[in-house]
Amino acid sequence: MTSTHSNQTKHWQYIDAQHHLHPFSAHAELAQEGARVIVKAEGVYLYDSEGKRLLDGMAGLWCVNVGYGREELALAGYKALKELPYYNTFFQTTHPYVAELSQKLAEITPAGIERFFFANSGSEGNDSAVKIIRYFWNLQGKPNKKTIIARKKAYHGVTMIAASLSGLTSMHPQADLPLPGFVHIDCPYWYGDGGNETPEDFGLRIARALETKILELGADNVAAFVAEPVQGAGGLIIPPSTYWPEIQRICRKYDVLLHVDEVICGFGRTGQWFGSDTYGIEPDMINMAKGLSSGYQPIAAVGLGSRVGDAVFNSKEEWSHGFTYSGHPVAAAVALANLEVLQKEHLVEKAGGATGAYFQKKLRELADHPLVGETRGVGLLGAIELVRDKATRDRFDPALEVGYRCRKHSFASGLVMRAIGDTMVLSPPLSITEAETDELFDLARHAIDLIARELGYL
Ligand SMILES: *Cc1c(COP(=O)(O)O)cnc(C)c1O
């Protein structure tokens with residue numbers, strides 16, 4: 001561990017390395033270097049245990065949409081903790097927080113989505129969604145309609161089902177996934193795979209891979225297509241304009257349910273309330289988490305349109321599913337307060353308006369950099385492709401770990417920017433100001449300059 005750290009930091013790093021298993025971390029390296037200890041956060045800034053300030057260009061894990069340190073959310077949680085710290089929603093019981101949150105979600109989610117099931121994480125939401133999809137087709141008397149089609153580079157979470165939906169192949173071998181009944185088709189990653197095709201032609205061709213797969217499996221065997229509006233953890237893959245309308249047409253034609261994973265795109269991230277709004281998608285069901293509470297409490301929700309929702313509601317038998325903490329009062333209270341802040345401060349409108357426009361303008365300015373092959377973004381999402389050759393889109397040798405090194409420079413100079421391979425990704429709080437956006441892109445350019453210099457480009 002680094003010797004410049006205080007004894008307090010070293011102590012936390014030591015006990016953490018001894019006893020804490022970290023998500024998505026290589027533990028040997030972590031133990032050697034010591035974890036960064038984050039002790040507080042305010043607005044768009046994080047502070048570590050050495051007093052160093054970091055601009056959080058990722059809003060945590062794409063989730064702190066209203067920014068850190070919101071008094072309203074803290075007070076809503078405190079009030080619920082005092083009044084009703086826990087009660088469940090099993091066996092015909094409810095409480096005001098979850099009832100009001102359900103009604104609020106019906107107001108803001110895409111047209112037709114009207115009933116909500118609550119879980120504690122995006123992964124549980126997707127697991128629950130797959131159980132609902134299977135149950136739906138069983139109720140329809142079509143027990144063979146079970147295969148689910150998802151996409152390569154998709155991220156839908158880590159439980160056995162959510163990881164089976166995910167198309168990031170690194171997630172599969174350690175647990176012998178995907179489970180049977182989950183298949184993956186290509187995703188609309190134009191910069192990576194589009195070659196000389198126009199984005200529009202490419203988008204159509206990739207969407208039609210869904211039709212080909214449905215015909216290959218037989219429409220009577222295909223239950224649902226599952227997808228994020230914009231693929232987040234897979235590298236911020238923004239679909240060409242032709243993609244989603246064609247997907248929608250194909251799902252309708254073959255009576256395949258469309259389950260849209262809004263865990264990142266929901267709650268303003270793409271400049272409208274939901275990614276489905278931004279891309280004109282009419283989902284049968286959606287999954288929400290992250291921005292639902294801005295990460296202040298663990299909570300997720302699966303929203304159902306009338307076709308699926310009516311089938312479950314009108315079934316005479318008991319629905320055998322639900323978590324001890326489904327619709328937890330404290331989480332529901334905090335989510336409600338979060339939605340009120342988003343509405344009161346017009347953060348979604350601003351993400352689709354001035355805040356988003358300024359962020360996208362600053363992002364595009366990086367395109368002139370000798371290492372930057374493409375910048376792309378929507379709302380408050382941005383990606384920067386670092387490439388060996390801008391003209392041919394040739395990648396660096398993965399062994400050079402260009403993205404990872406760029407991320408390290410970024411952290412060291414005070415910006416949290418994520419690396420997905422050599423794609424640098426940004427997703428700041430929707431509350432970010434213009435001055436903070438300027439600072440973010442100054443720091444991002446600085447980090448890219450440092451890696452470019454090491455590689456001999458500057
Ligand atoms: C983060 C994420 C999930 C998983 O959510 P968890 O709360 O980590 O289980 C699912 N889908 C998408 C699109 C995500 O980004």
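All ligand and atom numbering here is 1-based and tracks the order in the structure.
Remark: Arg36 is not positioned above the aromatic ring of Phe411, lacking an NZ or CZ atom under 6.0 angstrom from the ring centre and at most 45 degrees off the axis.
Taken from CG in Leu380 to OG1 in Thr355, the straight-line distance is 6.5 Å, to the nearest 0.5 Å.
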**OP:** Take Lys408 and Glu401 through the test salt bridge (charged side-chain N to carboxylate O under 4.0 Å, His left out) and record every step on the way to the result.
**Re:** CA-CA 11 Å; Lys408 284 208 149 183; Glu401 299 190 305; over 6 Å; no

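Taking a cut-off of under 4.0 Å to the non-hydrogen atoms of Glu228, the atoms of ligand 1 that pass are 13 (C). Remark: ligand 1 atoms within the under-4.0 Å shell around heavy atoms of Gly157 are 4 (C), 10 (C). Counting the atoms of ligand 1 from 1 in the order shown, those under 4.0 Å from a heavy atom of Ile264 are 15 (O).
For Lys290, a nitrogen or oxygen atom sits less than 3.5 Å from a nitrogen or oxygen atom of ligand 1, counting backbone and side chain alike.
Taking atom 9 (O) of ligand 1 as the reference point, the nearest protein heavy-atom neighbour is Ser123 OG, 2.5 Å. Counting protein heavy atoms only, atom 11 (N) of ligand 1 is closest to Asp261 OD2, 2.7 Å. For atom 12 (C) of ligand 1, the closest non-hydrogen atom on the protein side is Tyr155 O, 3.3 Å. From the protein, the heavy atom lying nearest to atom 6 (P) of ligand 1 is Gly122 N, 3.4 Å.
Ring planes of Trp319 and Phe117: perpendicular class, angle over 60° (limits at 30 and 60°). Note on ring orientation: taking the six-membered ring where Trp is involved, the planes of Tyr86 and His328 are tilted (angle from 30° to 60°).
Counting heavy-atom neighbours within 6.0 Å of Gln18 CD, excluding the residue itself, gives a total above 12.
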